[in-house]
Protein chains: 2
Amino acid sequence: MKEGPDIAQIGALIGDPARANILTALMGGKALTATELAAAGGVTVQTASTHLAKLEAGNLLVQRKQGRHRYFTLADDSVGKFLESIMGFAAGRGHLRHKPGPKEPALRKARICYDHLAGDYGVRMLDSLIARGAIDAFGDGLAVTESGESELKRIGIDVPALKSSRRPLCRSCLDWSERRAHLAGSLGKALLSNFLDKGWARRTAQSRSVVFSPEGERQFLALFPTSR
Amino acid sequence: MKEGPDIAQIGALIGDPARANILTALMGGKALTATELAAAGGVTVQTASTHLAKLEAGNLLVQRKQGRHRYFTLADDSVGKFLESIMGFAAGRGHLRHKPGPKEPALRKARICYDHLAGDYGVRMLDSLIARGAIDAFGDGLAVTESGESELKRIGIDVPALKSSRRPLCRSCLDWSERRAHLAGSLGKALLSNFLDKGWARRTAQSRSVVFSPEGERQFLALFPTSR
DNA sequence: ACGATGCTTCGGTTAGGATCGAAGTATGAA
DNA sequence: TTCATACTTCGATCCTAACCGAAGCATCGT
């Protein structure tokens, strides 16, 4: 009858629309204040405050006080991974929004998934890396090949340094819009940072979408050609 | 503001205790009737009926009419995979039941995770297969080696036949009680079926736990020794 | 045809929780 | 010190949805 962990608690936390919107907003990876999250959730600050307290009690969020602001972030990347998996599941089952907003196309093209690149461009990047043999796809898992390591070095990614971190180097992450895998893990994070540092793309203030500059887009597409 | 798929709908479905218990019961992999699920959820049949209708509308369940019975199962193995991931997350965050029931130890030792073996024994089996080189662990992914293929053949598993199915041969599945990976995928399913067919173990009627016979346990432990 | 079983639908009750206005606390700026 | 901003807590309202009793279908056995 009552077996295993209590999934109802977590489900209930995600089940409220305001909280779901708050969590979705935090998937952008940026720390946001309570007021910003209230706007994201479509509720007043009082209401948002209680929601944030509940999410924090449920260990989904952590807060960092800074002056009179309180910045909230997802508790760790396992939460982000977890939420993205729900989104993938939801998208695959037709649990889509009634009204796809104007920002939808931009989101499908390129967006941030916790700390790495997702959307069409994210999928394209991983496909391209696999096609050229820089990354080996082994069942569910991914691994950088030797040739891939030197290739990434040319782009400006120090793979051995990334390996030393406790976090997995490569992980595949199911993309809710494309329904295919994109690259997560410390390498995925490093690649996105790389693009942002080079000025190829920038994060938008309000949304999770990533906007490429014309030149950046050209470079990106040249670097990661489609095999077909 | 409103970006991406609607995770709130799914969260709400899982968020009700009765529904969560129903889903947990169905993780056993067996098709269950509405009446049985009512008992699992701790509610009357009327209430369970409305819950089941909602879960079906949310594409989490499918029903199969058979005479005057209606058998419910999880919609497909992606639902099982998804739910197990929530359980893993919940277990890791201390969202455990207040009262660990008397069946808990049995569940931790060996239980069914949708269609394959989980718990201590499930983890032990995968560890042992990896340690002897029958399965290669490659980042997140798993793959059967050539020597593993012939070894499994001796046990009675036809790996090439399993490969022909669309379903992945090996997948790692995070175990909520052990917090480590066990073997899922068509191979995981085949191994469990194999043990059941041989009479080494049997599924229990009410619970997800798997009970080994004394002789079956001896055989299993001999076949999958711990490396330490 | 008849009753028994399995399940669903209807109606009405109840409880939990989401919500916001208003007041209270903390931090920073002037 | 005084005011403004950021956030939380309190109190009260309101609404959804979970729940069960009772009645209604559907299917099986005899």
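Heavy-atom basis, side chains included; hydrogens, waters and symmetry copies ignored. Everything quoted here is computed from the prediction, not taken from an experiment.
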### Task
Mind checking salt bridge (charged side-chain N to carboxylate O under 4.0 Å, His left out) for B/Glu56 and listing every partner two or more places apart, or none if nothing turns up?
none
### Candidates D/dT27, D/dC19, D/dC20 - which lies nearest the side chain of B/Thr44
D/dC20
### Query
Among C/dT8, C/dC20, C/dA18, which is the nearest nucleotide to the side chain of A/Val43?
C/dC20
### Query
Which nucleotide in the set D/dT8, D/dA6, D/dA18 lies at the smallest distance from any side-chain heavy atom of B/Asp16?
D/dA18
### Query
Among the nucleotides D/dT8, C/dG6, D/dA18, which one has an atom lying closest to any side-chain atom of B/Arg19?
D/dA18
## Note on the structure
Whole-Å distance, A/Arg70 CZ to C/dT25 P, equals 14 Å
### Task
Examine C/dT27: is either OP1 or OP2 under 4.0 Å from a nitrogen or oxygen in the side chain of A/Lys65? Give yes or no.
yes
### Nearest-Å distance for atom pair CG/C1', residues B/Leu52 and D/dA17
16 Å
### Summary
Rounded to whole Å, the NE2-P distance (B/His51 to C/dT9) equals 15 Å
### Task
In whole angstrom, give the distance that lies between atom CD of A/Glu36 and atom P of D/dT5.
16 Å
### Query
Taking 4.0 angstrom as the limit, do A/Lys109 and A/Glu217 come out as a salt bridge?
yes
### Summary
Among D/dC19, C/dT19, C/dT8, the one nearest any side-chain atom of B/Ser49 is C/dT8
### Query
For the pair made of CD in A/Gln46 and P in D/dT8, what is the distance, rounded to whole Å?
11 Å
### Query
Do the charged groups of A/Lys198 and A/Glu215 touch, with an N to O distance under 4.0 Å?
no
#### Entry: B/Thr47 vs D/dA18: side-chain N/O to OP1/OP2 distance below 4.0 Å
no
### Query
In whole Å, what is the span from the CD atom of A/Glu56 to the C1' atom of D/dT8?
12 Å
### Query
Is the B/Tyr121-B/Phe212 ring centre distance short of 6.0 angstrom?
yes
### Message
Looking at A/Lys81 and A/Glu84, is any side-chain nitrogen of the basic one under 4.0 Å from a carboxylate oxygen of the acidic one?
### Response
no
### Query
Whole Å only: how far is the CZ atom of B/Phe72 from the C1' atom of C/dT8?
10 Å
### Message
In whole Å, I'd like the distance from the CZ atom of B/Arg68 to the P atom of D/dT30.
### Response
10 Å
